[in-house]
Protein chains: 2
Amino acid sequence: MGRDEFIDACKQVGLNVTYQRIAIFNKLMEHTDHPSADDIYKEVRQDYPTISLATVYKTLETLAKHDLISKVTYLHDIARYDGTSEAHHHLVCIKCKKIIDIDSNALDAIGIPAGVPGNFRILNYRVQFDGICESCESASTEQE
Amino acid sequence: MGRDEFIDACKQVGLNVTYQRIAIFNKLMEHTDHPSADDIYKEVRQDYPTISLATVYKTLETLAKHDLISKVTYLHDIARYDGTSEAHHHLVCIKCKKIIDIDSNALDAIGIPAGVPGNFRILNYRVQFDGICESCESASTEQE
DNA sequence: TTATAATTAATAATGATTATTAAAAAAGAA
DNA sequence: TTCTTTTTTAATAATCATTATTAATTATAA
Ligand SMILES: [Mn+2]
Ligand SMILES: [Mn+2]
Ligand SMILES: [Zn+2]
Ligand SMILES: [Zn+2]
């Protein structure tokens with residue numbers, strides 16, 4: 001998404017288009033390496049020295065909430081442990097953050113696809129399915 | 001891995017077999033939902049009221065370091081953002097935590113495999129490849 | 001313009017995790 | 001066993017990423 005598209009998208013979702021939001025979004029788009037809030041903060045501060053780290057956090061969360069950007073992992077708040085160390089696959093409920101194992105031969109057979117640079121040594125992979133679990137689904141259906 | 005296997009595995013990697021380690025491991029294995037350190041702490045404390053939360057953390061980290069257990073995501077320390085909100089796939093360097101996009105039609109074509117319960121509504125999925133990036137690889141090769 | 005709502009900056013608070021340190025337990029030698 | 005050394009634990013303090021608060025600023029709209 002380019003700058004003009006971003007401005008339109010903000011209007012679409014009812015967010016005021018501010019200098020800060022444009023600067024943060026632009027800086028994020030300059031990156032291909034998925035920066036942290038602090039990375040963005042340090043860079044935006046070059047052009048805009050009065051910006052606050054809390055504003056960067058708040059802006060990134062706001063943009064993510066409106067699906068203009070995203071977090072690589074939104075499961076980063078608290079560590080979750082697994083009784084096995086073998087790579088396998090998971091179902092994650094985005095509401096209650098329940099994590100369930102998936103046992104699937106098909107997923108284990110994926111292998112390394114084209115599009116992966118040869119100079120990156122892959123050790124393993126995991127597939128994460130995001131969705132809504134049964135109990136969260138029925139909980140949200142109740143009040144309608 | 002069962003209790004006896006765990007005891008053997010501890011000896012294998014040179015960890016003393018303590019009551020706390022067994023209790024924490026057993027409790028983790030009772031779960032299918034990938035508990036947090038605090039979840040484990042609250043439960044182990046029923047049987048062993050003097051245990052400390054810091055011990056639970058330390059034990060879980062120690063067991064994970066020796067590959068007896070694992071973290072569902074070890075990329076949980078700081079949030080990383082992405083300029084797009086569309087689900088896609090990533091290469092993650094486990095050394096420097098660099099995150100790189102993969103563009104792969106094959107991965108996008110996986111679909112929902114057998115083994116996923118029908119009452120879980122899947123919204124999207126992402127594949128994460130863990131490995132060592134080129135610069136980390138050559139950095140580790142230098143000193144040999 | 002003036003009123004109202006949204007956003008920002010600065011800072012304090014929160015909370016998960018880690019570090020520290022002294023006591024307790026385990027291992028090893030004799 | 002007993003003495004010595006190493007590992008582990010418990011308690012607590014410290015750290016640090018993130019969030020909440022709040023007053024000032026800016027945008028929107030009448
Ligand atoms: Mn699992
Ligand atoms: Mn990405
Ligand atoms: Zn759920
Ligand atoms: Zn790397």
Side-chain angles (χ1 to χ4, degrees), chain A residues 6-7 9-28 34-42 44-66 68-81 97 99, chain B residues 6-7 9-28 34-42 44-66 68-81 97 99:
Chain A
F6 174 71
I7 291 173
C10 281
K11 289 176 183 164
Q12 287 268 331
V13 298
L15 289 174
N16 290 340
V17 180
T18 65
Y19 184 93
Q20 289 89 338
R21 281 174 180 160
I22 292 175
I24 289 165
F25 179 78
N26 280 345
K27 206 48 92 176
L28 177 59
H34 307 78
S36 67
D38 196 60
D39 293 334
I40 298 280
Y41 171 60
K42 290 203 184 87
V44 170
R45 204 162 44 158
Q46 305 295 322
D47 308 334
Y48 192 162
T50 68
I51 202 165
S52 153
L53 176 58
T55 298
V56 174
Y57 268 106
K58 194 170 206 309
T59 300
L60 288 168
E61 290 302 313
T62 300
L63 297 183
K65 194 177 73 181
H66 289 89
L68 306 183
I69 65 169
S70 64
K71 275 191 197 181
V72 177
T73 168
Y74 51 76
L75 204 68
H76 84 287
D77 47 348
I78 55 177
R80 301 282 289 273
Y81 295 88
K97 307 223 167 165
I99 304 171
Chain B
F6 174 69
I7 291 174
C10 282
K11 289 176 182 165
Q12 288 267 332
V13 299
L15 290 174
N16 291 339
V17 180
T18 65
Y19 183 94
Q20 289 88 341
R21 281 174 181 158
I22 292 175
I24 288 165
F25 179 79
N26 280 345
K27 205 50 93 177
L28 177 59
H34 307 79
S36 67
D38 196 60
D39 293 334
I40 298 281
Y41 171 61
K42 290 204 184 87
V44 169
R45 203 161 45 157
Q46 305 293 323
D47 308 334
Y48 193 162
T50 69
I51 202 165
S52 154
L53 176 58
T55 298
V56 175
Y57 268 107
K58 196 169 205 306
T59 300
L60 289 168
E61 289 303 313
T62 301
L63 298 182
K65 195 176 74 181
H66 288 91
L68 306 183
I69 66 168
S70 65
K71 275 191 197 180
V72 176
T73 168
Y74 50 79
L75 203 68
H76 82 286
D77 46 349
I78 56 178
R80 300 283 289 273
Y81 295 88
K97 307 225 165 163
I99 303 172

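Just so we're on the same page: letters track the sequence lines, and every chain starts at 1.
Between B:Ala37 and A:Pro49, it is A:Pro49 whose nearest contact on DNA chain C lies nearer the 5' terminus. Residues B:Leu15 and A:Asp38 each lie close to DNA chain D; by heavy-atom proximity, the contact nearer the 5' end of the strand is made by B:Leu15.
Closest approach of B:Ile69 to B:Leu28, counting heavy atoms only: CG2-CD2, 3.7 Å. Closest approach of A:Ala37 to A:Val56, counting heavy atoms only: O-CG1, 3.5 Å. The two residues B:Gln46 and B:Lys42 make their nearest non-hydrogen contact at NE2-O, 3.4 Å. Shortest non-hydrogen contact noted between B:Ser70 and B:Ala64 is CA-CB, 4.3 Å. Taking all atoms of both residues into account, the shortest heavy-atom contact from A:Ser36 to B:Ile78 is CB-CD1, 4.0 Å. Counting all heavy atoms, side chain and backbone alike, B:Leu15 lies closest to B:Arg21 at CB-NH1, 3.8 Å.
B:Tyr41 comes within contact range of no nucleotide atom at all, as no heavy-atom separation falls under 4.0 Å. Counting any heavy atom pair closer than 4.0 Å across all strands shown, B:Thr50 reaches sugar-phosphate atoms only and no base atom. Counting non-hydrogen atoms under 4.0 angstrom, B:Thr55 reaches a base of the nucleic acid.
Proximity note for A:Ile78 (side chain, C-beta onward) versus C:dT11, C:dA16, C:dT8: the nearest is C:dA16. Closest approach to the A:Lys58 side chain among D:dT18, D:dT8, C:dT8 is made by C:dT8 (side chain taken as heavy atoms from C-beta onward).
For B:Tyr48 and D:dT9, the OH to C1' distance is 7 Å, given to the nearest whole Å. Rounded to a whole Å, the CD atom of B:Glu61 is 10 Å from the P atom of C:dA19. One atom, CZ of A:Arg21, and another, C1' of C:dA6, lie 8 Å apart when rounded to the nearest Å. In this structure, the CG atom of A:Leu53 is 14 Å from the P atom of C:dT8, given to the nearest Å. Between the OH atom of B:Tyr57 and the P atom of D:dT9 there is a distance of 17 Å, given to the nearest Å. In this structure, B:His66 places its NE2 atom 12 Å from P of D:dT7, rounding to the nearest Å. Between the CD1 atom of B:Ile51 and the P atom of C:dA24 there is a distance of 17 Å, given to the nearest Å. Whole-Å rounding puts the B:Asp39 CG to C:dA16 P distance at 11 Å.
The aromatic rings of B:Phe6 and B:Phe25 sit parallel, their planes meeting at an angle under 30°, below the 60° perpendicular limit.
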What protein N or O atoms touch nucleotides 25-30 of chain D N or O atoms at under 3.5 angstrom, if any, and at what distances?
none

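Residue B:Ser52 places no side-chain N or O under 4.0 Å from the OP1 or OP2 atom of D:dT9. Note on B:Gln20: every side-chain N or O is 4.0 Å or more away from OP1 and OP2 of C:dA25.
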